[in-house]
Structures are given as C-alpha cells and as structure tokens.
Amino acid sequence: MDEKYFAKKIEAKWQKKWAESGAFETDIDDAKPKFYQLEMLPYPSGNLHMGHVRNYSVGDASAWYKRLKGFNVLHPIGWDSFGQPAEDAAIKRGANPRDWTEENIKAMRGQLERLGLSYDWTRQMAAHRPEYYKFDQWFFLKMYEMGLAYKKMTQVNWCEFDQATLSNEQASGGICWRCGSAVTKKNLEQWFFKTTAYTDQLLDDMAEIEAGWPANVLKRQRDWIGRSEGAFVEFQISNSKFQISDSKENKSTESIRVFTTRIETIFGVNAVVVAAEHPIIQAHLGDLSPEVIAKIKEIKIEKLKPADREVEIEKDGVDTALKAVNPFSGEELPVWIGNYVMMEYGTGAVMSVPAHDERDFEFAKKFGLPIKQVIEPQRRGDAESEPPGVAGGLTAAFSDYGMLINSGDWSGKTYADAKIEMSEFAKAKGFGETATTYRLRDWGVSRQRFWGSPIPIIYCKSCGVIPEKYENLPVRLPDMAPFTGTGESPLAKVAEFYETVCPNCNEAAKRETDTMDTFVDSSWYYFRYLDPQNTELPFSPDAAAYWSPVDQYIGGDDHAVMHLIYTRFWTKVMRDIGLVKFNEPIKRLLAQGMVVGETFYDDESGKRVYYPASNVTVERDAKGKVIGARSTDGISLKWAIERMSKSKGNGVDPDEMIDIYGADAARLFILFAAPIENELVWNESGIEGSVRFLQRVWRSVWKWKERIQSSKSEVQSEETTLEIRKLRQKTHQTIQRITESLEDLQFNTPVAALMELSNEIGDFKIEPDQATTAEAFAVSEALLSLVIMLAPFAPHTAEELFSEFAGNSDGILANGARFPEFDPELIKSDEIEIPVQVNGKLRSRVMASPDAGSDLLQELALNDEKIKEYTGGKEIVKVVVVPNRLVSIVVKG
RNA sequence: GCCGGAGUGGCGAAAUUGGUAUACGCACUAGACUCAAAAUCUAGCGGGCUUAACGCCCAUGUCGGUUCGAUUCCGACCUCCGGCACCA
C-alpha cells in the first residue's frame with residue numbers, strides 16, 4: 001500500500017482481481033437467504049451518462065450491503081439493445097445495426113467496469129441476440145395460442161407522398177415531419193397483446209406491492225388504467241327520416257349507447273352528443289345536410305392538430321337533426337356531434353347533462369341548449385354546498401352530489417340510492433346496464449422497423465394466418481436490409497427473409513415483416529438472468545422459483561407507467577403459462593430522481609453556451625431565486641436547470657469524472673449529494689470533498705496500521721478511558737445508524753455518518769506509538785468498521801484498506817468479512833446532557849446518567865443555578881420530565 | 001382544471017414516536033506550515049442586540065390553532081415542482 005491515495009492504481013488493481021476471482025459471480029449457498037438486486041438495463045447508445053452512474057451506484061451499494069449481510073446476491077446487468085438509434089445509424093451512415101450495437105455494448109461495458117460495479121457478467125443478456133429474441137417469439141406464440149395476441153385493423157398516421165407510417169410525434173400538426181405534406185389516417189393491420197384481459201388484476205394486485213412501491217408510481221398506474229364505474233344506457237333513434245330502411249322487422253332498432261357515471265342525472269339530459277367518428281354518423285353520412293358534413297370535416301381536421309396542453313380547446317359541434325329518446329323520461333332529444341367527445345373512450349357517445357357537468361354546461365351555453373337542474377344540495381341553506389347562482393338559473397355546472405329533483409318517481413331520493421335503483425330499472429327494462437370502462441387499451445406491438453424481434457407469424461394463401469413452429473425459432477433477422485427511412489418495414493424488402501413455406505401445407509408463404517415493440521424485450525429480461533443459457537425455455541421454473549421475485553428494483557421514474565405496467569402484465573401471462581407462481585414480479589421499487597445540470601444560454605443570441613461552473617457567477621434576488629448569471633468574462637447569461645446531455649453542453653462525462661477523481665469518489669459523491677429520489681443538480685466542487693474524505697480515511701489507516709498490527713500480539717486489557725469509551729460509542733452508534741439507513745434505502749445519510757466516524761477517529765489525539773493496547777484496539781475497531789461499511793460506497797478503497805487489516809489481498813468477501821454488528825451496551829453513555837426548558841425555552845443543561853429517573857432529573861433541573869434565575873420567586877405550575885430526553889418547567893408570575 | 005409532492009443557512013441537505021433546529025459536505029473567512037503557491041492542519045461560519053466571560057431576542061414559506069414544548073400534528077393561504085387532462 002502506498003502512503004498516498006492513488007485512485008487509479010487501486011481501482012484498476014481491484015477490478016482485475018474481482019474479474020479474475022469471479023468475486024461477484026452468483027452462487028447459491030443453501031444456508032443463506034437470497035436477494036435479487038436489479039437495476040433497469042441501459043440502452044447501448046455507446047455512452048454512459050450520469051443518470052446511469054447514479055442508478056448503478058445505488059444498486060451496487062445495495063448489492064454490496066446485502067452480500068456483507070450474508071445473502072446470496074444476484075446482481076446482473078444486460079442490454080436493451082433493440083431500438084431505433086441503431087437503425088438511424090444505419091440510415092445516416094450506412095452502419096450495420098448489429099455491429100454498431102455490439103461496439104456500443106463493448107464500450108459501455110468498459111465504462112461500467114471502470115466504475116467497479118459488482119455485476120455477475122456471466123449472466124449478461126442482450127435483446128438483439130438471437131438466443132434472447134428467440135424467446136420474445138416463443139412468448140408471442142404462447143400468447144397467440146392463449147388468445148392474448150391478436151391482429152386487428154387500426155388507424156395509423158400515413159404520409160401519402162412518402163408512403164410511410166408515422167408515429168404521433170412524426171405526424172405532429174397533421175403535417176409529415178419529413179416532406180411537409182398533409183398526414184392522412186390509414187388502416188393498417190397491427191398485432192396487439194391483450195393487456196385489457198388483465199385490467200382488474202393489474203389494479204387489484206397492487207395491494208400486494210403497496211408496501212414496497214412508491215405511492216406515486218402506483219397512483220400513476222391506477223390513473224393510466226383509469227377504471228370508471230358507471231352504466232350504459234340506450235337512447236333509441238326516433239325520427240323516421242333516419243331509420244334504417246332495409247330493416248325488415250323493426251324500424252326503430254337503431255340506438256345510441258352512452259356511458260355515464262352519473263345515471264341519476266338522466267332527467268337533466270338535454271341532448272345526446274357523439275364523436276364525429278361515431279358509427280351512427282358514418283352510417284348516415286348520406287342523410288346529413290351539407291352543413292353538418294362540413295362541420296364533421298372541420299372537427300376531424302382540428303383533432304389532427306397537436307394538442308397544446310396549456311390552451312383549452314373551445315367547444316364546438318353541430319346538431320345532426322337526428323332525434324333520440326330519453327328512456328327514463330320519454331323526452332325526445334337532439335343528437336349533436338361534439339368535438340369534446342372522444343371515440344376512444346367509453347362508447348364515443350355521452351348524455352349531455354349541462355346542469356351537472358362542466359363540459360356539457362359549456363357546450364349548452366355556447367349553442368343555447370336548455371339547462372335543467374335535477375340535483376340539489378342535501379343540506380339546504382348551507383351556503384358552501386349551494387349550487388352557483390341557483391336563484392336566477394345556474395351560472396355554472398353543479399357537479400357535487402345531493403338529492404334528486406325534477407326526476408319523476410326518483411325525485412326526493414339521494415343520489416346514491418337513485419344511482420342503484422335507476423341502474424336496476426334500466427336493466428329490468430332492457431335499455432341499460434351497469435358497466436365499467438377503462439382507459440387502458442390493448443398493447444399495439446407491431447413496429448414497421450428492422451431492429452427488433454421479428455413477429456413469428458406466416459401468411460399462407462390457403463391456410464391463412466399460421467404461427468411459426470416452435471422448433472423453427474428463432475426467426476432470424478437478416479444481416480442488413482435496405483433502409484429507406486420511409487417508415488415502411490425494411491424487412492418487407494428482403495425476399496430471403498419473408499419468403500418461406502407454410503408450416504401447415506408446405507406451400508410458398510410470406511412472413512410477417514413487422515417487428516415487435518422494444519418494450520417486449522424489457523418486459524421479461526430480468527427473468528433471463530436467472531437462467532441465461534437455457535435453449536429450451538426463456539428460463540426454467542426452478543431457477544425462477546429460487547431467485548424471483550425481484551427483491552429490489554431501481555430505475556428512473558420515467559418508467560413508472562409504460563415499462564412497469566407491461567412487465568406486470570407479462571408476469572401474469574408467465575404465471576398463466578406456468579413459468580412462475582406469483583402475481584407480482586417486483587417486491588420493492590425505488591424510483592430515483594434525474595441528474596440535471598446547469599445550462600447557460602447567451603442572453604443576446606439565446607444560443608446555448610458552455611462554461612465550466614467555476615467560470616460563472618449565478619445571480620440571485622433577495623429571496624435567493626436565480627434571476628440570471630454572468631460569466632467571469634462579463635457576458636450576461638440565462639440560467640436553466642436541464643436534464644444532463646452532451647447536446648445541451650451541461651453533460652459530464654463519467655469517464656472524465658473517473659479519470660480526474662476516481663470511480664470511488666464519483667460514486668460516493670453521487671450518493672451523498674442528495675436523497676436518491678430527489679433531482680440531483682450536478683456540482684463539480686462537491687466531488688472534491690469526497691476525494692478529501694477518502695484521503696483522510698486512507699491516512700488514518702496508514703497512520704495506525706503498524707500499531708494495530710503490533711497490538712494483535714498483545715494481551716487484551718480491560719483498561720478503559722473516557723477517550724476510548726467515546727470512540728467506541730461513536731463506532732457502534734455509526735454501525736447502528738448506517739444499518740438502519742441502508743435497510744430504509746437511504747444512501748446520503750450513511751455517507752455523512754461515515755464522515756462523522758472518520759472525524760471522530762481523527763480527533764482521537766493519542767499518537768500510535770504511545771497508544772496502549774486498549775487504545776489501539778478501540779482505533780482498530782473503529783477503522784475496520786469504517787472500512788467495511790465503506791465498501792458499498794467506495795469498494796476499491798475499502799478493499800485496499802481492508803487488505804491491510806486482513807494481511808492478505810483476497811478481498812473483503814473472500815475473507816468472509818461481514819457488515820459489523822453494533823453492541824447496544826456500547827452505545828449507551830455514562831452521562832448524558834439533559835436540556836432544561838423554562839416556559840418552553842431552553843435555559844440550561846444538566847448532566848445525568850441515562851438511567852436517571854424522573855424524580856432525580858426534576859431535582860437536578862430545579863437545583864441548577866441558571867434555572868433558579870428563571871424560577872426564583874415564581875410559582876412552579878408544572879414540571880414535565882421525559883427521562884433520557886428533557887425537563888420542561890412551567891412557571892407563573 | 002383535477003390529483004400528488006415539496007418549501008429549513010450563500011448552496012446540497014440532517015433532525016427517532018412532537019423533545020437541545022441547522023448533523024455531514026460544498027463555498028467562504030482568518031490563522032499555522034511554506035521563499036511562495038498548492039496540498040494539509042487549526043479555528044470561525046443562520047440573522048440581530050449587547051458584549052467580547054456569560055448572555056438575550058428572532059428565525060424551518062405566511063397566518064392562526066392544539067401542546068409544557070411544533071420543522072414534525074390540525075386549519076387557511078402563498079409559492080414552486082411533478083403527473084394527468086375535454087375520461088363522460
């Protein structure tokens with residue numbers, strides 16, 4: 001060991017040692033409990049960013065901690081390696097997507113290794129490799145058999161000029177992002193996974209994970225699924241002009257079905273409002289007036305425009321001249337088309353109750369439709385619950401609950417009773433039923449892309465849609481395809497790929513040329529780690545039974561909805577296939593905050609400029625709010641906090657960090673700087689503090705190591721001093737604090753605790769060569785505990801220092817070292833300081849034994865000289881004594 | 001608009017079931033060492049008033065409440081951040 005701390009030297013050394021000895025390769029010791037520590041896998045862009053460093057530093061700390069606590073730890077990593085950037089590189093530079101991806105993986109693996117992360121690299125997976133995507137296809141076939149994968153026509157954005165499908169983003173504003181021509185909708189056959197088959201399970205099983213998942217993630221998933229309890233009600237079309245003429249039996253079979261959550265307001269309906277795409281409108285296009293047709297077109301075009309969330313869209317619509325009958329009141333109502341009704345939700349038709357729904361109110365006001373109040377507050381005369389402007393007619397919708405009025409037989413009932421009774425009535429009469437609708441849709445998985453798992457389906461002229469046989473998997477991607485960038489699947493141009501024979505009749509047939517959404521890969525990747533070499537199954541049920549579910553999952557909260565819903569869905573499918581035996585794959589989830597950087601813009605040009613933070617002074621107003629910035633060379637700048645990235649010029653390259661400060665310092669700092677769920681504003685100068693801390697620990701060990709070694713042969717003595725007790729107390733308190741924090745997934749406070757212990761060791765003023773055996777032991781205990789507890793945060797430094805104590809360089813884990821345990825006896829003090837308050841204000845402190853009872857503490861407090869000054873000549877009203885905590889005296893006069 | 005979350009020094013942040021507010025770090029100031037600088041070490045570091053020993057007052061977004069005692073609990077308000085959004 002060198003007297004000076006050289007991060008580079010020891011980091012390279014230990015990384016090599018770990019790799020050679022397979023230190024982090026997973027093995028199963030039956031005597032130990034298991035722990036599956038998982039972090040979200042990266043996309044191999046070629047560059048690690050600070051968000052990754054944060055994510056993986058936390059995961060690594062957790063994995064190290066659990067190993068030191070005596071768990072069999074599985075801590076794997078892999079690559080989400082299918083996706084658009086590889087294809088873009090192919091389009092732009094003619095790169096081969098596979099080579100491009102493999103090179104990036106190689107580069108990023110190097111970066112991860114330089115961080116010294118304790119992964120079991122033998123279990124690595126990569127989505128783009130056939131041995132992995134084979135099982136995407138395997139799952140697809142299973143789901144097809146189970147009726148969970150199906151094909152249907154849907155509308156996609158289509159550019160006629162480019163002959164290309166466009167994503168919603170690419171079709172923004174109704175204009176093709178590439179050529180500028182108008183976007184049309186095109187019907188395209190797409191494959192779907194039936195996520196909606198598991199909607200209720202996805203909601204109800206949240207109860208199983210409630211304790212371990214952040215509340216806001218569950219809430220967002222709940223909102224996304226959007227369960228809504230209500231009823232369907234049929235409104236018959238009544239005017240003969242629009243009856244379907246070719247209906248032989250009954251001319252009035254046509255009806256509009258609406259979905260409502262407020263059936264009890266049905267006597268207040270003034271119109272049925274439908275979406276412009278509603279089938280009834282399509283069916284009667286020929287019967288509608290030219291004005292109505294024009295309006296429909298207008299509304300449809302408006303809908304294509306990009307949604308601006310800040311601006312509320314003005315209500316628009318038109319009376320179709322159709323009439324429908326309110327089945328409760330018998331009233332004949334107009335049927336309107338409204339731009340605020342969405343075809344995608346419910347039935348694409350609503351009953352408009354302006355008195356009790358804000359949107360309907362706005363619509364009625366604009367078009368002068370009648371507004372009839374049918375609900376009044378339950379508590380009359382209570383100003384707060386009164387509807388707005390009730391005396392002279394409503395001035396706004398009254399959407400609270402209350403009693404029914406103007407509602408025929410139901411007048412006078414409470415909304416809750418009426419809701420139930422009216423639903424039952426509708427069902428009995430055959431014009432309605434209770435219903436639950438959801439916002440969640442089936443998962444469209446077809447992508448017209450090259451760089452994804454091919455969908456294992458064959459189209460045969462005589463047999464139709466035929467799944468590929470299991471023994472023919474994987475359906476391999478060709479090496480290359482003509483990339484036109486038009487959005488049409490490149491595989492459709494590779495005859496060697498799509499030309500095949502029908503597994504059924506052996507006639508010539510054509511393969512599906514779309515590939516799967518990359519979210520498919522990330523839905524089950526962490527089960528592949530459990531059994532990465534399996535060629536028959538995605539993983540064996542036995543391996544899954546031992547390691548899964550995941551004990552701890554860590555990743556960015558941008559995946560709170562999509563990825564984490566898909567993977568929950570996938571687990572339920574795997575359970576139904578028989579691969580796993582549980583409902584929920586992830587016990588505990590930690591959503592880590594983003595790493596952001598300060599970004600500066602030139603005030604005049606508005607252009608982004610790069611300045612190191614040290615060359616910029618940030619200007620704040622009196623309240624401390626940032627109002628601007630100025631560079632040292634006098635240029636006025638605009639200041640912003642933005643997600644770190646190279647293109648924004650606020651990015652920090654992890655390699656550069658490691659090069660300057662070392663991986664340990666970078667990791668330590670990123671954990672120390674802020675609670676893990678907070679956003680972290682990267683700040684360069686803070687990391688130097690971490691380096692200083694590591695150097696101080698290093699020097700302490702260096703200073704004491706010889707004395708500690710020599711003390712090992714000395715006879716232990718019972719002799720003790722105040723200094724020794726103080727140091728040992730701090731040591732054991734620190735062990736307790738760090739253990740509790742890590743169990744609670746806090747990573748910033750343990751680092752602070754390590755620093756405090758290090759400071760305490762520094763304050764131990766005895767020189768090593770004069771230290772007694774007992775003193776040397778106390779220091780040894782403190783330093784050894786410090787070093788082992790440092791391992792989750794700064795493993796290289798910890799390993800190097802530990803080998804000084806161990807006398808060999810096998811490493812912490814190989815030596816069987818364990819996270820230290822604290823001794824509660826040693827945490828206790830002989831004497832503690834008890835604050836004394838008079839009338840709620842701190843006036844003095846008295847020293848007492850921690851075992852001192854209330855009477856003794858009261859006596860000590862009342863006899864304290866300073867306290868006497870405050871109590872003298874006054875009446876003592878009350879004395880509150882909290883043993884071990886404080887004494888509070890109340891006086892009068 | 002609806003639903004969450006958060007406001008503590010110059011900055012990132014601590015604070016157990018309500019019990020000594022500001023731990024730890026950054027930045028800053030002064031001193032020691034040095035020919036000098038860096039590094040390191042020592043001391044100081046919420047605001048104010050007296051002082052220069054002690055001490056006192058005010059401070060956890062604002063206002064109020066409960067309590068011997070509130071950053072913590074309750075009510076109202078302000079500000080910021082995040083999610084969702086014509087979801088019937």
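In what follows, every chain begins at residue 1, and chains take the letters A, B, ... in the order their sequences are listed.
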Checklist line | Check: A:E756/A:T734 side-chain N/O donor and acceptor closer than 3.5 Å | finding: no

Margin query: Side-chain N or O of A:N678 versus OP1/OP2 of B:A13: is the shortest distance under 4.0 Å?
Written below: yes

Check: Expressed in angstrom and rounded to an integer, what is the separation of A:E344 atom CD from B:A85 atom P?
Finding: 12 Å

Checklist line | Rounded distance in Å - NZ (A:K219) to P (B:C84) | finding: 10 Å

Check: Among the nucleotides B:A15, B:G19, B:C24, which one has an atom lying closest to any side-chain atom of A:M755?
Finding: B:C24

Notebook entry, point to check: Does B:C86 pair with anything, Watson-Crick or G-U wobble, both distances under 3.5 Å, and if so, with which nucleotide?
Noted result: none

Notebook entry, point to check: Reckon A:R843 has a side-chain N or O less than 4.0 Å from the OP1 or OP2 of B:C57?
Noted result: yes

Check: Of all the choices, B:A14, B:A88, B:C26, which nucleotide is nearest to the side chain of A:P675 once you look at every atom?
Finding: B:A14

Item checked: Phosphate-side-chain proximity, A:K730 and B:A23, N/O vs OP1/OP2 below 4.0 Å -> no

Checklist line | Distance test, side-chain N/O of A:R439 to OP1/OP2 of B:A85, below 4.0 Å | finding: yes

Next item on the list: Could you tell me whether A:G689 contacts a base, only the sugar-phosphate backbone, or nothing, with contacts defined as non-hydrogen atoms closer than 4.0 Å?
Entry: sugar-phosphate

Item checked: Quiz item: cation-pi between A:K315 and A:F363, 6.0 Å / 45° -> no

Check: For A:L202, does its backbone N or O pair with a side-chain atom of A:R568 as donor and acceptor, under 3.5 Å?
Finding: yes

Item checked: Residue pairs, two or more places apart or on separate chains, that pass salt bridge (charged side-chain N to carboxylate O under 4.0 Å, His left out) and touch residues 834-851 of chain A -> A:E833-A:R845

Margin query: On RNA chain B, compare the nucleotides closest to A:R845 and A:A674; which residue's is nearer the 5' end?
Written below: A:A674

Checklist line | Nucleotide paired to B:A76 in any strand shown, Watson-Crick or G-U, under 3.5 Å | finding: B:U62

Next item on the list: Measure from the side-chain heavy atoms of A:V890 and tell me the nearest of B:U20, B:G19, B:C68.
Entry: B:C68

Notebook entry, point to check: Paired with B:G25: which nucleotide, if any, by Watson-Crick or G-U wobble criteria at under 3.5 Å for both distances?
Noted result: B:C11

Item checked: Distance below 4.0 Å between A:R359 side-chain N/O and B:C87 OP1 or OP2 -> yes

Checklist line | Identified pairing partner of B:C56, criterion: Watson-Crick or G-U wobble below 3.5 Å | finding: B:G48

Margin query: Just the rounded figure in Å: distance from C1' of B:G25 to CZ of A:F693.
Written below: 11 Å

Check: Distance between the P atoms of B:G7 and B:U16, in whole angstroms?
Finding: 13 Å

Checklist line | C1' atoms of B:G82 and B:C28, separation to the nearest Å | finding: 34 Å

Next item on the list: Using a cut-off of 6.0 Å, state whether more than 12 heavy atoms not belonging to A:K8 lie near its atom NZ.
Entry: no

Notebook entry, point to check: Closer than 4.0 Å, any side-chain N/O of A:Y870 to the OP1 or OP2 of B:C56?
Noted result: yes

Next item on the list: Using the P atoms only, state how far B:A15 lies from B:U20, rounded to an integer number of Å.
Entry: 13 Å

Note to self: Can you measure A:I687 atom CD1 to B:A27 atom P for me and round it to whole angstrom units?
What the structure shows: 13 Å

Note to self: Any donor-acceptor pair, under 3.5 Å, between the side chain of A:Q695 and the base of B:U40, if you only look at N and O atoms?
What the structure shows: no

Next item on the list: In whole angstrom, give me the gap between the C1' atoms of B:C3 and B:A85.
Entry: 10 Å

Next item on the list: Using both distances under 3.5 Å as the test, list the Watson-Crick or G-U wobble partner of B:G4, or none.
Entry: B:C81

Margin query: Heavy-atom nearest nucleotide on RNA chain B for A:G346 versus A:I834: which residue maps closer to 5'?
Written below: A:I834

Note to self: Rounding to an integer number of angstrom, what distance separates B:U8 and B:G46 when you compare their C1' atoms?
What the structure shows: 10 Å

Item checked: Pairing partner (Watson-Crick or G-U wobble, both distances under 3.5 angstrom) of B:A70 -> none

Next item on the list: Under a 3.5 Å limit for both distances, which nucleotide forms a Watson-Crick or G-U wobble pair with B:C35, could you say?
Entry: none

Note to self: Taking 4.0 Å as the cut-off, does a side-chain nitrogen or oxygen of A:R699 come that near to OP1 or OP2 on B:C41?
What the structure shows: yes

Check: Can you tell me if the side-chain N/O atoms of A:N748 get under 4.0 Å from OP1 or OP2 in B:A14?
Finding: yes

Check: How about A:W698 and A:F6: are their ring centroids closer than 6.0 Å?
Finding: no

Check: What distance, rounded to whole Å, do you find between the two C1' atoms, one in B:C54 and one in B:C49?
Finding: 15 Å

Note to self: Using a 3.5 Å distance criterion without hydrogens, assess whether the side chain of A:N326 forms a donor-acceptor pair with backbone atoms of A:F328.
What the structure shows: yes

Next item on the list: Mind checking A:E833 for me? I need base, sugar-phosphate or nothing, with any heavy atom below 4.0 Å counting as a touch.
Entry: base

Next item on the list: Verify salt bridge (Lys or Arg N to Asp or Glu O under 4.0 Å) between A:E344 and A:R441, making sure each step is shown before the conclusion.
Entry: CA-CA 9 Å; A:E344 302 79 41; A:R441 303 291 136 66; 5.9 Å; no

Note to self: Suppose you measure atom C1' in B:C81 against the same atom in B:U66; what distance do you get, rounded to whole Å?
What the structure shows: 31 Å

Note to self: Does B:C26 have its OP1 or OP2 closer than 4.0 Å to a side-chain nitrogen or oxygen of A:R692?
What the structure shows: yes

Notebook entry, point to check: Within the structure shown, what part of the strands sits under 4.0 Å from A:R222 by heavy-atom distance: base, sugar-phosphate, or nothing?
Noted result: nothing

Check: Does the side chain of A:S228 get closer than 4.0 angstrom to OP1 or OP2 of B:A88 through an N or O atom?
Finding: yes

Notebook entry, point to check: Should B:G47 be called syn or anti, with syn set as within 90° of 0?
Noted result: anti

Next item on the list: Whole angstrom is fine here: how far is it from CG in A:L886 over to C1' in B:A70?
Entry: 13 Å

Next item on the list: Tell me which nucleotide among B:U20, B:G4, B:G12 gets nearest to the side chain of A:L842.
Entry: B:U20

Checklist line | B:C73 to B:G18 separation - C1' atoms, rounded to the nearest Å | finding: 8 Å

